[in-house]
There are 2 protein chains.
Amino acid sequence: MAMQIKKPSQGRQKIAITKIPNRSNLQVTFSKRCAGLFKKASELCTLCGVEIAIVVFSPSNKPFSFGHPSIKTLIGRFLSPSPSSFPSSTYSTSSVPQEG
Amino acid sequence: MAMQIKKPSQGRQKIAITKIPNRSNLQVTFSKRCAGLFKKASELCTLCGVEIAIVVFSPSNKPFSFGHPSIKTLIGRFLSPSPSSFPSSTYSTSSVPQEG
DNA sequence: ATGCCTATCGTTAGACA
DNA sequence: ATGTCTAACGATAGGCA
């Protein structure tokens, strides 16, 4: 008889970066990756002494946020930059001019 | 004569998550990790169909931002949530109640 | 500062508890 | 939904161009 030997784990699988069709799978992936994103942000804050604000609207449209030091402070500074460090404009995801 | 054989690369080194003392090294790490953070955010948007806004103030205090669909839209929604999806309050990095 | 390169480290897909 | 486990995938430290 064909006895199936179950492999203990195939480890991480490669996935395409397209919308996950399965709802519960999407939920699990969201939780894991959102946590991963916030961890990366936290590390970047510590390593480089920078300030970061993140807002994520979940699949259920609930806001998750990360802020160091304070998300509201950073939003305020982003919306109305202080004249001393005035950028030419707000940047988008795309390329950004070199650092000072 | 003591001929030094240079290793081609030691690959990625383990580093402690503390402020990087060397200035130029910090700058390089910032660039790489900031790009990595934005890429992760982009993937999360695509995979899970969610909306994300990120603002990073660089070591030189310049604002770098990521926004999908639009960072200003998301900031606005975060600051004044629509009644239909009203959260009890804004959340911080810490734990968040379960998804709907 | 930006890109390429390699070896290695850290993240995470999938399965289960 | 939240944590644990494994193995594989992807990010990235350091070095050089």
Side-chain angles (χ1 to χ4, degrees), chain A residues 4-50 52 54 56-64 66 87-88 91 93-100, chain B residues 4-50 52 54 56-64 66 87-88 91 93-100:
Chain A
Q4 306 291 358
I5 308 279
K6 178 171 57 66
K7 293 173 190 159
S9 171
Q10 299 179 347
R12 177 177 178 175
Q13 305 295 300
K14 190 191 193 91
I15 62 165
I17 304 299
T18 31
K19 172 132 185 184
I20 297 170
N22 182 285
R23 197 192 136 290
S24 63
N25 183 17
L26 186 150
Q27 175 58 51
V28 172
T29 295
F30 172 77
S31 297
K32 287 182 176 180
R33 279 181 173 257
C34 192
L37 186 73
F38 287 178
K39 185 182 181 188
K40 287 278 187 191
S42 165
E43 292 184 351
L44 185 51
C45 287
T46 303
L47 286 169
C48 302
V50 299
I52 305 183
I54 304 180
V56 179
F57 283 91
S58 78
S60 305
N61 217 43
K62 285 190 186 175
F64 288 58
F66 170 93
S88 53
Y91 307 117
T93 313
S94 50
S95 66
V96 171
Q98 75 291 343
E99 273 296 283
Chain B
Q4 307 289 359
I5 307 278
K6 179 169 57 65
K7 293 172 191 161
S9 172
Q10 299 180 346
R12 176 175 180 176
Q13 305 296 300
K14 189 192 194 92
I15 61 165
I17 304 299
T18 30
K19 172 130 186 183
I20 296 171
N22 183 284
R23 195 191 138 289
S24 64
N25 183 19
L26 186 149
Q27 176 58 49
V28 172
T29 295
F30 173 75
S31 297
K32 288 182 175 180
R33 280 181 173 259
C34 192
L37 186 73
F38 286 179
K39 185 180 183 191
K40 286 279 188 189
S42 166
E43 292 184 351
L44 185 52
C45 286
T46 304
L47 286 169
C48 302
V50 298
I52 304 183
I54 304 181
V56 179
F57 283 91
S58 78
S60 305
N61 219 41
K62 285 190 185 174
F64 288 58
F66 170 93
S88 53
Y91 308 117
T93 313
S94 49
S95 66
V96 171
Q98 74 291 345
E99 274 297 284

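Quick note on labels: first sequence line is chain A, next is B, and so on, each numbered from 1. None of the values given here were measured: they were computed from a predicted structure.
At the phosphate of D:dT12, OP1 or OP2 sits under 4.0 Å from a side-chain N or O atom of A:Lys40.
Within 4.0 Å (heavy atoms only), B:Lys32 reaches at least one base atom of the nucleic acid. B:Thr29 comes within 4.0 angstrom of the backbone, heavy atoms only, and of no base.
When the P atom of D:dA11 is taken as reference, atom CD1 of A:Ile17 falls 8 Å away, rounded to whole Å. Whole-Å rounding puts the A:Ile20 CD1 to C:dG14 P distance at 8 Å. In this structure, B:Asn22 places its CG atom 11 Å from P of D:dG15, rounding to the nearest Å. Between the C1' atom of C:dG3 and the CD atom of B:Gln27 lies a distance of 15 Å, rounded to the nearest Å. In this entry the distance linking CD of A:Gln10 with P of D:dA8 reads 9 Å, nearest Å. For B:Lys14 and D:dA11, the NZ to C1' distance is 15 Å, given to the nearest whole Å. To the nearest angstrom, C1' of C:dG14 lies 15 Å from CG of A:Leu26. Rounded to an integer number of Å, the gap from B:Lys39 NZ to C:dT12 P is 12 Å.
Relative orientation of the A:Phe38 and A:Phe66 rings is tilted, given thresholds of 30° and 60° on the angle between their planes.
A side-chain donor-acceptor contact under 3.5 Å links A:Ser58 to the backbone of A:Ser60.
Rounded to the nearest 0.5 Å, atoms CG (A:Leu37) and CG (B:Leu37) are 5.0 Å apart. Expressed to the nearest 0.5 Å, how far NZ of B:Lys40 lies from NZ of A:Lys39 amounts to 11.0 Å. Within the model, atoms CD1 of B:Ile20 and OG1 of B:Thr29 stand 3.5 Å from one another, a figure rounded to the nearest 0.5 Å.
Contact of B:Arg12 with D:dA11 (side chain to base): a donor-acceptor pair of N or O atoms is detected under 3.5 Å.
Projected onto DNA chain C by closest heavy-atom contact, A:Asn25 and A:Glu43 fall at different nucleotides, the more 5' of which corresponds to A:Glu43. Each of A:Val28 and A:Gly11 was assigned the nucleotide of DNA chain D with the nearest heavy atom; the assignment lying further toward the 5' end belongs to A:Val28.
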